[in-house]
Amino acid sequence: MTYDFKQIEPKWQKIWKEQKAFAAVDFSPKKKFYGLIEFPYPSGAGMHVGHIKAYGGMEVITRKRRMEGYNVLFPIGFDAFGLPTENYAIKTGMHPRKVTDANIEKFTSQLSRVGFSFDPDRVVDTTDHNYYKWTQWIFLKMFEKGLVFRDTALVNYCPSCKVVLSNEDSQGGKCDICHSDVVQKSKVVWYLRITKYADRLLTGLDSVDYLPNIRQQQVNWIGKSTGAFVDFSVSNADEKLRIYTTRPDTLFGVTFMVIAPEHPIIDKYRASIHNCDEIDAYRAECAKKTEFERTQLVKEKTGVRIDGLSGINPVTGKEIPIYIADYVMMGYGTGAIMAVPAHDQRDYDFAKKFGIDIVEVIRGGDITKEAYTESGEMINSGFLNGYTDKQTSIKKMIEYLTEKGIGEEGVQYKMKDWAFNRQRYWGEPIPIIHCPTCGMVPVPYDELPLLLPDVSNFEPGTDGESPLAKIDLFVNCSCPKCGGAAKRETDTMPQWAGSSWYFLRYIDPDNDNALADKEKLKYWMPVDWYNGGMEHVTRHMIYSRFWHKFLYDIGAVDCEEPYAKRTAQGLILGPDGEKMSKSKGNVVDPNDVVDEYGADVLRTYVMFMGDYTMAAPWNDNSVKGCKRFLDRIWAMQDLIHGTGVTEKLESEFHKTVKKVSSDIEAMKFNTAIAAMMTLVNEIYDNGSLTSDEMGVFVRLLCPFAPHMSEEIWSNLGNKTLCSLAEWPTFDEAKTQASTVTVAVQICGKMKATVEMPAGCDQQTAVSMARANDKVAAALDGKTVIKEIFVQDRIVNFVAK
RNA sequence: GCGGGUAUGGCGGAAUUGGCAGACGCGCUGGUCUUAGGAACCAGUGGGCAACCUUGCAGGUUCGAUCCCUGUUACCCGCACCA
C-alpha cells in the first residue's frame, strides 16, 4: 500500500480546519505560548521555499508546544501596504485593493497546502481599514505626546519611484525597491522621534533573549557613544561653536576646527567672512553629491578655510582656523568638530593636505607618518601631563570643562529620527489636517479610520507629490478645531508602520474599541519566541520595539519589551548556490514540490537541509532522500507485530525521544530528523516494532510531517488527533546502553576499541584495555608513564 | 576601516563543546529483482598497496585539538569620514 499524499494531505487539512485544532484560546488555564513569525508581504509572485523555511521552524516548535500541553498562539497575517503592489496597480490599472486581495488569497492557498498550523481565525491584514484605524490611532497618540514633528531636510529621493526614502531604504545609494540611484532633495518630512527612545532601546536588550549577533547588530545600529560637548569661542563673533568629541583628553592637541557644509554659522556670519564666494561654491558642490558619494569617496579630503572666522582652543587659548569640509556631517553630533590631527587619522589627512600644525599630546606613535590613536602618556597637555590612562584623562578633562562652564559630558547616537512619510497612495493616510489658523490639527479619534479615498489613478504627482494631493474631495476639509477651511495631509505612512504593532492585533483581531483588549494583551504578551530573517533585525525590530515601548508608556500594553526571545533563520539559496531571485531564474516554487512529493516531504526537506540558522543551497536529489525516509516510515506499518519490545530497540527509542526533544528546542531540526532516520534504520534492522512504538514514532514525526503522522496515528486506532496528542517522554535510565565502546589510545593515537560495561571504573577499564591484543602489542617493551581515563569514553596510555 | 559570521569527503552537513572526525542524507560503485528502469531492496564508499595521512593555511598549549591560544588566507553579512 503506497502512501497517497494527494488524497491524505487535503483530508487532514480539512479535519484540522473543521475541528479548529490550532485555535488559540484566550484566558485558557493552560500555560500560554506565543510563537511569532514575520508576516509576509503578499507579492504577486506568491510564496517561495524561503517562506517555508522561515515559518517551518516556528511551526515545528509550536506544534511541539501544543503536544506538550501549552495553549499556543501561532498566527499569520499580511503586511500588505507597499510599493510593488502600487506599481503593479499603476501598470495594470487594477486597484491595489484588488491586487492585494488576490495576492493574499494566493498566499493563503499556498500556506494551507503546506499544512501550517496557523490559527485561521486571527489573520490580520495591515491594509484593512479596521486594522489601519489603529495604526493611525497610535500615530495620533505619538503626535499628542510630541513624538511626531516636521522638518525640512535633505532627503533621499528616488526619481524613479518618485518617493522619499529613509536611510534604511536607500542603503548604498540605491533605492531599496527599484534599485535605481537615489538623489538628495530638500523636502518637508514627517519624523518620529525614535532617538528619544535610543537609550531605552539599548538598555532593554539586557532584559531579552536575542541571539548574540542579533543583539550586536541592534547595538551597532543604535550606535551609542559617550564623550563631551565643548564650546569653542569664535573670534570676531559673539558666538560659541559647540562640538562633540569622544576624545576630550586630546583637547590640547586641537589645531583647527571643521564644520559641516550645511552648518548655520556660515549664513549667520556672512558679513564677517571674506571668501563667501569660495565657500558657496564648495557648498554647492557638496549639495550635488548624494550622501552615498559623500561617504564613499573617502580617498581625498576636501574643504575650504573660512577666512574671517577662527576659533579659540579653550584650554590653550590659541587661535585656530575653522574649515568647512564634507567629511563632517550635519546629521551627527553638532555638525562641528575639533580636529586633533596627531591622534585622528581623518584630521591628520586633512592637516597634511592643508598644511596645518600637528601637535602631539599622547606619546607612543610616530606622528610624522600617521596619526597615533592608541593610548599613552599625556604630553604638551598642561594639567593632564603624565597621565597614562585614557579614561582617567577623559574624566579629568570633563571635570575641568564642567567647572569652567565650557563643556559637559555628552552622549550621541548614530541612530537618526525616523522619516515617517511616503508620497504614495497605497499606505495609511497620515491623519493630520493643516489649518491656516490652527496649524497642524489631528483628525479626531472618533473619525478614525481616515479612509484612503477610492480612486482609479495611482500615479504619483510630479515632484514627488502624493497621488492623494490630486483628489480635491480628500484634500479639502474643515478644521476640526475652528471649523474653517483646511487641507488634509496627503502623505501616507511608510510600510514599516503596519508591521510595528501587528503582533498585538493577533491577540484581538476584531476589536473595535481598542487596538486589543487589555486583559487579552496581559494574558498573551510578550511574544515568547520570535523568529525571522536577519534583514529585519535592525529596521523592523527596532521600529516595533520603539512603538511597543511607547504603547507601554501610555499604558496601552503591560510589558515594555515585546519579544522575549528572537532567533533568525538562514536563507535558502538556489540550486546554483546563489541567492534566489527571479532574474537569476533559480527560484524554487513550493507548489511544485508539493505537487510532486507532497507537503510532508517539502517540510521535512526544508528542515533537514542543514543548520537552520545558516544559508544552504536547494538540492532536488536531497528532496528525494526525504521522500524515501517518509516512505520507509509508511512501510514500517507492515512491521508492527505484537511480539513485544526488544531491549536494544527500546533504548534507541528513548534516546531518540530525548534527542528530538532537545534538538527542536535548539532549532537543530536537521539533527532531529537525522536521529529519526537513524531510528528508522534501527527498526528495519530489528525487523519489527510494537504498535506503541509506532505511536511514539509518529508523535515525534508529527511537527515535521503532520499529515502522514495523523494518518498512521489514526490507523493505529486513535480517535483523537496526533497533532494534539501528548508529546512522548523518555526514561533517562533507558537512554543509557549497558555496554559502551571505549577508545584506547597510546600517546593520544587511537589503537583499538574495547567493549566495556557502562560506568566501569579506571582499574577495570585499564586492565580490559591492556587485555586487547593490539594494545598489548603496541605497549610491548614500553614503560607506561601515565594512564588517562575518561569514563565510558577513553583510556589513554602515555608510554615510552 | 569597524563589527558579526563561515571554512570539515564528490555535495548538504554531523561531532555529547577538549576524548573513536566524517552521524544522517545526497551522489557514486557493485549486486538482487525486473522486458526495462531515473522504482524498490542489499552491500560498499575520505585518501593511501601499506605503515600512515586527513577538519582553509602556519605555529602553539595539551596525554589528546574540528573545538582553546597566536598569526594568516579566502568568502559571506551588517555598518561605514559617527568626530
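Since the model is a prediction, treat every value here as computed from it, not as a measurement.
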message: Among residues at least two apart in sequence or on other chains, which ones pass side chain to side chain contact (heavy atoms under 4.5 Å, CB included) with A/Tyr597?
response: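 Residues passing side chain to side chain contact (heavy atoms under 4.5 Å, CB included) with A/Tyr597: A/Val593, A/Val601, A/Val623, A/Lys624, A/Lys627.
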field: Those residues that, when tested against A/Glu596, pass side chain to side chain contact (heavy atoms under 4.5 Å, CB included) (two or more places apart)
entry: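 Counting only residues at least two positions away or on another chain, A/Glu596 forms no side chain to side chain contact (heavy atoms under 4.5 Å, CB included).
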Is any side-chain nitrogen or oxygen of [X] closer than 4.0 Å to OP1 or OP2 of [N]?
X	N	result
A/Lys416	B/rC79	no
A/Tyr332	B/rA83	yes
A/Lys668	B/rA15	yes

For [X], report the nucleic acid contact type (base, sugar-phosphate, nothing); a contact means any heavy atom under 4.0 Å.
X	value
A/Asp611	sugar-phosphate
A/Ala339	nothing
A/Asp344	nothing

message: Given a 3.5 Å cut-off on both pairing distances, which stems involving RNA chain B, each at least three consecutive Watson-Crick or G-U pairs, are present, if any?
response: B:1-7 with B:73-79, B:10-12 with B:24-26, B:27-32 with B:40-45, B:56-60 with B:68-72
Below 3.5 Å, can you tabulate the donor-acceptor pairs from side chains in residues 246-256 of chain A to any protein atom, sequence neighbours excluded?
{"from": "A/Arg247", "atom 1": "NE", "to": "A/Asp249", "atom 2": "OD1", "distance (Å)": "3.1"}
{"from": "A/Arg247", "atom 1": "NE", "to": "A/Asp249", "atom 2": "OD2", "distance (Å)": "3.4"}
{"from": "A/Arg247", "atom 1": "NH2", "to": "A/Asp249", "atom 2": "OD2", "distance (Å)": "3.0"}
{"from": "A/Thr250", "atom 1": "OG1", "to": "A/Arg247", "atom 2": "O", "distance (Å)": "2.8"}
{"from": "A/Thr255", "atom 1": "OG1", "to": "A/Asp357", "atom 2": "O", "distance (Å)": "2.8"}

- request: Check the distance between B/rG3's P and A/Leu205's CG and give it to me in whole angstrom.
  value: 19 Å
Give me, pair by pair, the N or O atoms of the protein and of nucleotides 18-28 of chain B that are less than 3.5 Å apart, along with how far apart they are.
{"from": "B/rG19", "atom 1": "N2", "to": "A/Gln745", "atom 2": "OE1", "distance (Å)": "3.1"}
{"from": "B/rG19", "atom 1": "N2", "to": "A/Asn796", "atom 2": "ND2", "distance (Å)": "3.4"}
{"from": "B/rC20", "atom 1": "N4", "to": "A/Thr741", "atom 2": "O", "distance (Å)": "3.3"}
{"from": "B/rG25", "atom 1": "OP1", "to": "A/Asn681", "atom 2": "ND2", "distance (Å)": "3.3"}
{"from": "B/rC26", "atom 1": "OP1", "to": "A/Arg628", "atom 2": "NH1", "distance (Å)": "2.5"}

- request: Go through the side-chain N and O atoms of A/Asp199 and A/Tyr413 and say whether any donor and acceptor fall under 3.5 Å apart.
  value: yes
- request: Can you check whether any acceptor in the base of B/rC81 is under 3.5 Å from a donor in the side chain of A/Lys301, or vice versa?
  value: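 Indeed there is one.
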field: Any donor-acceptor pair under 3.5 Å from A/Tyr244 side chain to A/Tyr332 backbone
entry: no
For A/Tyr612, ring pair (Phe, Tyr, Trp, His ring centres under 6.0 Å) partners two or more places apart: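 Partners of A/Tyr612 under the ring pair (Phe, Tyr, Trp, His ring centres under 6.0 Å) test: A/Phe669.
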message: Taking the six-membered ring for Trp, are A/Phe608 and A/Phe629 closer than 6.0 Å centroid to centroid?
response: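 No; A/Phe629 has its ring centre 6.0 Å or more from that of A/Phe608.
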